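As the structure is a computational prediction, the values presented were derived from the model and not from experiment.
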Amino acid sequence: MANTLVDKLKKWCRVEGLDEGHALLTVVPENTEIAVIEETMQTIKCLGRVRGRTFGDTEKEMLVLCECREPVSAERVPPEVAAPEALAAWPIITAFDKSSLQDDFNLKLIALLQAEGKTMNDVQALFADSQPTPSPEESLIRAVTNLIDKTNKPAAESEGYRCLRVFSGILPTPAGEEQFDHWLEQAYLMVEESDGSDKDKRRRIMESLKGPALEVIKAIRLSDPDITPIKCLEALESAFGLAESGDDLYFSFRLLQQQPGEKLSDFLRRLERTLTKVIQ
């Protein structure tokens with residue numbers, strides 16, 4: 001019915017020589033006076049005057065063409081207006097197709113979900129977890145916002161820890177690979193600061209390994225498939241760390257200094273790991 005009324009409005013505007021962007025159509029009870037119509041329609045604060053009336057689909061209703069001072073829009077014109085004397089609300093029809101606006105929003109939403117690698121099921125899951133809101137539009141906006149927040153946070157983390165440099169345990173260190181001490185420091189930072197699951201952290205570690213280093217992790221996973229990322233790093237440190245005596249480690253610990261530009265938190269981590277080696 002709405003599309004039929006939109007078509008009638010557009011044809012009526014052509015007959016009257018009226019810009020359809022400044023026109024709207026409403027359905028009122030028959031014998032409703034023009035003064036009452038104009039007074040009621042003034043509540044939407046854009047009506048200029050009534051341009052014409054004709055019979056509607058039934059004998060008890062009239063179609064009214066109204067001219068507006070300002071261009072009509074979805075933001076300015078409500079879907080209906082409260083009728084006088086507590087009668088049923090009068091629907092408001094405009095030349096812009098609200099269903100096409102909804103379709104345009106749906107297309108944009110689908111494109112957003114595809115860009116984020118998500119589906120409508122993910123949005124519905126967020127609906128189920130969220131508190132009910134007064135309007136469906138607010139609920140959808142809140143769900144999409146939550147979805148973007150959840151997908152953006154791991155993306156932000158991956159910028160800092162997109163992947164560890166390659167380490168194989170081969171000496172001398174091949175070109176393009178990381179020295180073990182530096183690789184181990186970055187791996188500990190990833191494990192300590194990333195919000196991902198242990199499974200994800202363990203996967204990142206294994207993706208950066210090859211050769212003998214990868215074989216070490218594969219071997220310990222045979223006995224413990226769910227070994228923690230920290231245990232993986234400790235195993236690598238035991239296998240490829242420098243073979244130093246307790247005295248050497250102690251003096252190295254005493255000589256540690258904060259490097260220029262090094263954050264205090266990073267320096268404290270280095271102190272902690274070195275002290276742990278000394279104690280061991």
Side-chain angles (χ1 to χ4, degrees), residues 114-118 122 147-280:
Q114 290 176 344
E116 297 293 343
K118 302 294 182 181
D122 297 311
L147 176 63
I148 293 175
D149 289 342
K150 288 187 176 182
T151 55
N152 281 346
K153 188 171 183 181
E157 291 174 358
S158 62
E159 290 298 320
Y161 303 105
R162 184 173 297 134
C163 63
L164 297 170
R165 295 286 296 275
V166 175
F167 173 71
S168 66
I170 298 175
L171 292 177
T173 304
E177 290 191 14
E178 194 74 85
Q179 294 285 342
F180 178 66
D181 287 345
H182 189 263
W183 178 92
L184 187 65
E185 182 178 351
Q186 294 301 313
Y188 271 116
L189 283 174
M190 183 274 293
V191 171
E192 293 169 0
E193 296 189 356
S194 174
D195 290 337
S197 63
D198 281 355
K199 181 179 179 181
D200 182 56
K201 296 173 184 177
R202 187 172 57 244
R203 175 183 57 80
R204 294 188 191 182
I205 291 173
M206 295 188 67
E207 286 176 349
S208 69
L209 300 176
K210 68 178 185 178
L214 182 57
E215 294 301 322
V216 170
I217 300 303
K218 286 182 177 179
I220 62 176
R221 288 199 67 197
L222 289 176
S223 59
D224 185 4
D226 296 324
I227 187 171
T228 65
I230 291 294
K231 291 295 183 181
C232 290
L233 297 181
E234 290 176 352
L236 292 171
E237 190 170 9
S238 176
F240 300 102
L242 295 178
E244 298 175 297
S245 67
D247 290 338
D248 291 337
L249 290 171
Y250 175 71
F251 285 115
S252 296
F253 172 75
R254 291 290 301 271
L255 294 174
L256 280 178
Q257 293 182 350
Q258 186 176 3
Q259 300 299 321
E262 183 180 22
K263 294 181 179 178
L264 179 59
S265 57
D266 294 339
F267 175 56
L268 291 176
R269 288 191 186 93
R270 287 202 298 123
L271 283 176
E272 180 183 8
R273 283 195 289 274
T274 306
L275 180 58
T276 301
K277 290 181 181 179
V278 173
I279 295 172
Q280 290 174 349

Closest non-hydrogen atom pair, A187 against L233: CB-CD2, 3.6 Å
One should read off an interatomic distance between C232 SG and I217 CD1, to the nearest 0.5 angstrom, of 4.5 Å
Check step by step if side chain to side chain contact (heavy atoms under 4.5 Å, CB included) holds for E178 and Q186. CA-CA 10 Å; E178 194 74 85; Q186 294 301 313; 5.5 Å; no
Under the salt bridge (Lys or Arg N to Asp or Glu O under 4.0 Å) rule, collect the residues that match up with E262, sequence neighbours excluded. R270
Just grab all the salt bridge (Lys or Arg N to Asp or Glu O under 4.0 Å) pairs involving residues 215-226, residues at least two apart or on different chains. none
Output yes when E185 and R269 qualify as a salt bridge under the 4.0 Å nitrogen-oxygen rule, no when they do not. no
To the closest 0.5 Å, what do you measure between CD1 (I205) and CD1 (I230)? 7.5 Å
Ion pair D200/R204, N-O distance below 4.0 Å: yes
Return the minimal non-hydrogen interatomic distance between I170 and P212, and the atom names on each side. CG1-CD, 3.9 Å
Drop me the distance from L256's CG to L268's CG, to the nearest 0.5 angstrom. 11.0 Å
Working to the nearest 0.5 Å, report the span between CD of E234 and CD1 of I220. 9.5 Å
Take atom CD of Q257 as the centre, draw a 6.0 Å sphere, and report whether it contains more than 12 heavy atoms from other residues, nucleotides or ligands. no
Just checking, any donor-acceptor pair under 3.5 angstrom between side chains of E237 and Y188? yes
Look up atom CG in L209 and atom CG in L164, then write down how far apart they are to the nearest 0.5 Å. 8.5 Å
Going by the angle between their ring planes, with limits at 30° and 60°, are F240 and F167 parallel, tilted or perpendicular? perpendicular
Would you confirm whether K201, through its side chain, and M190, through its main-chain N or O, come within 3.5 Å as a donor-acceptor pair? no
Should the heavy atoms of other residues, nucleotides or ligands under 6.0 Å from CD of Q179 be counted, would the total exceed 12? no
Determine, step by step, whether V166 and W183 satisfy the side chain to side chain contact (heavy atoms under 4.5 Å, CB included) criterion, reporting the C-alpha distance in whole Å, the side-chain angles of both residues, the deciding distance to 0.1 Å, and the verdict. CA-CA 8 Å; V166 175; W183 178 92; over 6 Å; no
Value rounded to 0.5 Å, distance of CD in E177 from OG in S168: 3.5 Å
